[in-house]
Amino acid sequence: MKSVDTKVREIKLFIDGEYVTSSSHSLFEVKNPATQEVIAKVHEATKEDVDRACKAARRAFEEGPWRTMPVKERCEKIRRMAEIIMERREELARLEATDVGKPYSVAFEKEIPRSAHNLKFFADFIEQLGGEVYPMEEEYLNYTRYEPVGVAALITPWNLPFMLTTWKLGPCLAAGNTAVIKPAEATPLTVSLLGEIAKEAGIPDGVVNVVHGFGPNSTGEFLTAHPEVDLISFTGETTTGKAIMKTGADTLKRVSFELGGKAANIIFEDADLHKAIPVSIQAAFLNSGQVCLAGSRILVQRSIFDEFVARFKKAAEELVVGDPQDPRTNMGPLVSEEHYKKVTSYLEIAKQENATLITGGKRPSNLPDYLKNGFYLEPTVYVHENPEARICQEEIFGPVVTIIPFDTEEEAVQIANNTQYGLNGVIWTENLQRAHRISHQVRAGTIWVNCWFVRDLRAPFGGFKKSGIGREGGKHSLEFFTEAKNICIALQ
Ligand code: NAD
């Protein structure tokens with residue numbers, strides 16, 4: 001199937017169990033990034049629409065039955081959502097590929113199943129969750145309960161729309177909260193279906209609401225300012241996190257932020273390059289490099305530098321850039337014109353900073369005619385000696401990576417930590433002691449040794465420094481989405 005999707009969908013808001021139009025009747029367009037054809041007209045939620053969604057979520061929280069129903073029953077409904085997602089896997093993967101420009105194969109094989117798993121995992125997890133008991137001598141007994149917090153705003157970016165929304169929705173719902181979801185304006189297609197999926201699964205009206213629109217002075221800001229919203233789980237840019245924190249401060253909202261990254265992928269001279277090169281290529285170019293966990297700074301020990309650069313260049317040039325719907329495609333376009341302009345502005349910056357271009361840096365020349373308007377960029381690799389250069393410091397969020405040489409372990413750690421971000425790091429070495437030593441020294445929330453992007457949903461996920469606040473995953477998500485209550489009973 002080619003990226004010629006001529007259907008223009010109307011995407012409505014999902015409020016209190018119904019798809020409804022925007023109260024202002026204002027619609028915005030969404031384009032297929034591979035072709036620039038309009039694929040959807042989306043209702044933009046006004047302040048009044050956001051107010052209705054938040055009040056519906058509040059009523060569903062206070063009046064029940066969601067919060068008060070037996071946990072098993074609640075979790076069965078969430079598991080049913082996961083089943084419906086798997087039943088609609090092909091349709092969801094097709095939509096995600098059309099909306100984001102990511103290869104259909106990646107959406108079908110990885111992201112949609114992972115989205116279903118996000119829901120199922122947290123439903124299973126919370127069913128097993130106990131509390132603590134603290135006996136005080138013979139006279140008193142303390143025990144804990146984990147209760148839902150209230151109405152959660154779940155705000156997500158465009159790079160993994162369905163996966164990241166379900167990653168928040170799973171623990172939010174399993175803990176008994178209600179939700180108002182706001183997907184990114186560039187990619188609302190799959191997330192908008194969560195309304196009907198929730199309804200079909202028997203989730204009561206008002207528990208899951210979806211509003212569409214932009215960030216500042218629009219839906220996003222109305223939501224984060226709304227007094228009925230108790231907590232905000234946000235994934236996106238660091239600067240947006242700062243704005244949301246300010247807006248939410250007046251009503252003292254609890255926040256969980258997953259923000260930007262600029263991970264160091266450190267290749268020591270004893271690394272197994274047969275493994276390190278293909279995984280580093282994935283870490284650099286998966287989803288066209290539009291991944292917060294991308295290994296976009298590749299630090300390579302000088303003794304193997306030339307060999308690594310030559311082999312990495314060859315592997316980057318072998319990637320198939322093309323139609324997201326084609327199963328042979330490794331890399332699709334960038335998500336939007338605005339983002340394409342941002343990413344390609346770094347090509348100019350790299351030139352000014354005297355970076356050495358190894359490969360890429362332009363539009364692929366062999367694209368078929370029907371993709372000629374797509375926002376395509378070749379996998380682009382630079383070498384730079386100066387880790388302070390802007391291309392080594394700023395999150396480009398595209399298929400652009402820089403390889404930086406280092407001599408010693410100390411220098412590798414120093415370069416890795418010389419960034420405002422701290423989401424993740426990657427280490428390639430066959431030396432066990434070194435693997436542990438460097439893992440402890442790199443200041444980031446996740447360290448992968450001889451692998452990348454491997455996730456156990458029980459493990460904490462989140463960033464040090466400007467990469468985030470709080471952690472998601474297993475009990476860490478539930479710490480955010482629950483209130484711990486202590487009950488103290490006199491025994492005499
Ligand atoms: P973004 O911050 O521009 O937008 C994210 C969401 O926030 C969108 O829904 C947007 O409409 C909304 N928003 C924007 N301004 C707002 C405001 N003032 N108030 C309320 N909502 C607002 O991010 P993006 O460009 O969509 O996504 C890319 C960014 O996301 C990158 O920085 C990337 O690293 C980050 N990201 C982080 C993780 C992680 O887990 N740490 C995962 C994926 C993406």
Side-chain angles (χ1 to χ4, degrees), residues 28 30 33 42 44-45 47 50 99-100 102 111 114 118 153-168 180-188 191-192 210-226 229 232-249 253 255-263 286-296 334-336 338-343 394-398 419-424 444-446 453 455 457 460-473 476-477:
F28 62 93
V30 172
V42 186
E44 182 180 353
K47 208 171 188 168
V50 170
D99 207 8
V100 185
K102 66 178 67 225
E111 290 177 27
R114 166 67 195 275
N118 285 340
L154 311 180
I155 304 178
T156 47
W158 46 258
N159 62 333
L160 300 152
F162 203 64
M163 200 293 273
L164 288 174
T165 304
T166 50
W167 175 234
K168 296 178 185 307
V180 182
I181 300 168
K182 196 205 88 62
E185 54 273 27
T187 57
V191 173
S192 77
V210 186
V211 292
H212 300 286
F214 301 83
N217 302 313
S218 176
T219 316
E221 192 174 320
F222 302 148
L223 184 57
T224 53
H226 200 284
V229 170
I232 304 171
S233 176
F234 166 74
T235 298
E237 281 189 18
T238 298
T239 48
T240 312
K242 290 182 193 172
I244 289 178
M245 204 165 186
K246 282 187 191 145
T247 311
K253 297 190 195 313
V255 296
S256 164
F257 288 165
E258 299 294 352
L259 308 175
K262 187 78 180 177
L286 182 75
N287 209 24
S288 304
Q290 303 167 124
V291 176
C292 53
L293 300 161
S296 53
L334 293 165
V335 73
S336 65
E338 185 194 352
H339 190 58
Y340 181 77
K341 282 187 182 151
K342 181 198 147 184
V343 171
E394 295 173 18
E395 187 186 40
I396 300 173
F397 218 60
T419 164
Q420 62 165 330
Y421 297 112
L423 188 58
N424 62 306
T446 300
F453 221 50
R455 287 283 297 129
L457 303 194
F461 178 85
F464 281 33
K465 301 195 264 182
K466 303 285 188 294
S467 285
I469 297 179
R471 292 292 181 272
E472 297 182 307
H476 308 279
S477 289

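Counting starts at 1 for both ligands and their atoms, in listed order.
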Check: Quick one: does Thr419's side chain have a donor or acceptor within less than 3.5 Å of a partner on Tyr421's backbone?
Finding: yes
Check: So, does Glu395 use its side chain to make a donor-acceptor pair with the main chain of Gly261 at under 3.5 Å?
Finding: yes
Checklist line | Residues which pass salt bridge (Lys or Arg N to Asp or Glu O under 4.0 Å) with Glu237, listed by chain and number, not counting sequence neighbours | finding: none
Notebook entry, point to check: Can you tell which part of Thr239 has a heavy atom less than 4.0 Å from ligand 1: side chain, backbone, both or neither?
Noted result: neither
Item checked: Region of Pro183 engaging ligand 1 - heavy atom pairs below 4.0 Å -> backbone
Next item on the list: For atom 4 (O) of ligand 1, state whether the nearest protein heavy atom is under 4.0 Å away.
Entry: no
Next item on the list: On the 0 to 90° scale, with breaks at 30° and 60°, tag the Trp158-Phe397 ring pair as parallel, tilted or perpendicular.
Entry: perpendicular
Notebook entry, point to check: What atoms of ligand 1 come within less than 4.0 Å of a heavy atom belonging to Thr235?
Noted result: 5 (C), 36 (N), 37 (C), 38 (C), 39 (C), 40 (O), 42 (C), 43 (C), 44 (C)
Check: What are the atoms of ligand 1, with element, lying closer than 4.0 Å to any heavy atom of Leu423?
Finding: 41 (N)
Check: In the protein, which heavy atom is nearest to atom 12 (C) of ligand 1, and how far is it?
Finding: Ile155 CG2, 3.8 Å
Next item on the list: Examine the proximity of ligand 1 to His339 and report which part, side chain or backbone, both or neither, has a heavy atom under 4.0 Å away.
Entry: neither
Next item on the list: Work out which heavy atom in Ala186 is nearest to a heavy atom in Asp99; give both atom names and the distance.
Entry: O-OD1, 3.3 Å
Next item on the list: Without swapping roles, check the side chain of Lys253 against the backbone of Ile244 for a donor-acceptor pair under 3.5 Å.
Entry: no
Next item on the list: Starting from atom 22 (C) of ligand 1, find the nearest protein heavy-atom neighbour and note its residue, name and distance.
Entry: Gly215 CA, 3.4 Å
Item checked: More than 12 heavy atoms of other groups within 6.0 Å of Lys246 NZ -> no
Next item on the list: Measure across Lys182 and Gly213 and return the closest heavy-atom pair with its distance rounded to 0.1 Å.
Entry: NZ-O, 2.8 Å
Checklist line | Distance from atom 34 (O) of ligand 1 to nearest protein heavy atom, with residue and atom | finding: Glu395 OE2, 2.5 Å
Next item on the list: Could you list which atoms of ligand 1 come closer than 4.0 Å to a heavy atom of Ile244?
Entry: 19 (N), 20 (C), 21 (N)
Next item on the list: Starting from atom 39 (C) of ligand 1, locate the nearest protein heavy atom and write down its residue, its atom name and how far away it is, to 0.1 Å.
Entry: Cys292 SG, 3.2 Å
Margin query: Applying a heavy-atom cut-off of 4.0 Å, say which part of Thr240 lies close to ligand 1: side chain, backbone, both or neither.
Written below: side chain
Next item on the list: Pick, from Glu258, Glu237, Lys242, Glu185, the option with the minimum heavy-atom distance to atom 23 (O) of ligand 1.
Entry: Glu237
Notebook entry, point to check: Of the listed options (Gly236, Pro157, Ala294), which comes nearest to atom 35 (C) of ligand 1 when hydrogens are ignored and any heavy atom counts?
Noted result: Gly236
Check: Any donor-acceptor pair under 3.5 Å linking the side chain of Thr165 with the backbone of Val191?
Finding: no
Notebook entry, point to check: Starting from atom 41 (N) of ligand 1, which protein heavy atom do you reach first, and at what distance in Å?
Noted result: Leu259 O, 2.7 Å
Notebook entry, point to check: Rounded to the nearest 0.5 Å, what separation is found between the CG atom of Leu259 and the OG1 atom of Thr240?
Noted result: 8.5 Å
Check: What part of Leu160, side chain, backbone, both or neither, has a heavy atom within less than 4.0 angstrom of ligand 1?
Finding: neither
Next item on the list: Spell out, as yes or no, whether a donor-acceptor pair under 3.5 Å connects the side chain of Thr224 to the backbone of Glu221.
Entry: yes
Note to self: Could you work out, for atom 40 (O) of ligand 1, the closest of Phe397, Trp158, Phe222, Phe461 by heavy-atom distance?
What the structure shows: Phe461
Next item on the list: Report the nearest protein non-hydrogen atom to atom 7 (O) of ligand 1: residue, atom name, distance rounded to 0.1 Å.
Entry: Phe234 CE1, 3.2 Å
Next item on the list: List the closest protein heavy-atom neighbour of atom 6 (C) of ligand 1: residue, atom name, distance to the nearest 0.1 Å.
Entry: Thr156 O, 3.5 Å
Checklist line | Numbering as shown, the atoms of ligand 1 that approach Glu221 to under 4.0 Å (heavy-atom distance) | finding: 19 (N), 20 (C)
Note to self: Does the residue Gly241 have a heavy-atom contact with ligand 1, meaning some pair of atoms that are separated by less than 4.0 Å?
What the structure shows: no
Margin query: Can a donor-acceptor pair be found, under 3.5 Å and without considering hydrogens, that links the side chain of Glu472 to the backbone of Trp167?
Written below: no
Notebook entry, point to check: Any donor and acceptor pair, going by atom type alone, linking the side chain of Asn287 with main-chain N or O of Lys102 inside 3.5 Å?
Noted result: no
Next item on the list: Please lay out, stage by stage, how Lys168 and Ser233 fare under the test side chain to side chain donor-acceptor pair (under 3.5 Å).
Entry: CA-CA 7 Å; Lys168 296 178 185 307; Ser233 176; 3.0 Å; yes
Notebook entry, point to check: Quick one: does Pro216 get a heavy atom under 4.0 Å from ligand 1?
Noted result: yes
Checklist line | Partner set under side chain to side chain contact (heavy atoms under 4.5 Å, CB included) for Pro157, not counting sequence neighbours | finding: Asn159, Leu164, Thr235
Checklist line | Asn159 contact mode with ligand 1 (heavy-atom cut-off under 4.0 Å) | finding: side chain
Next item on the list: Would you check whether Leu164 reaches within less than 4.0 Å of ligand 1, judged by its heavy atoms?
Entry: yes
Notebook entry, point to check: Nearest protein heavy-atom contact for atom 21 (N) of ligand 1: which residue, which atom, what distance?
Noted result: Gly220 CA, 3.6 Å
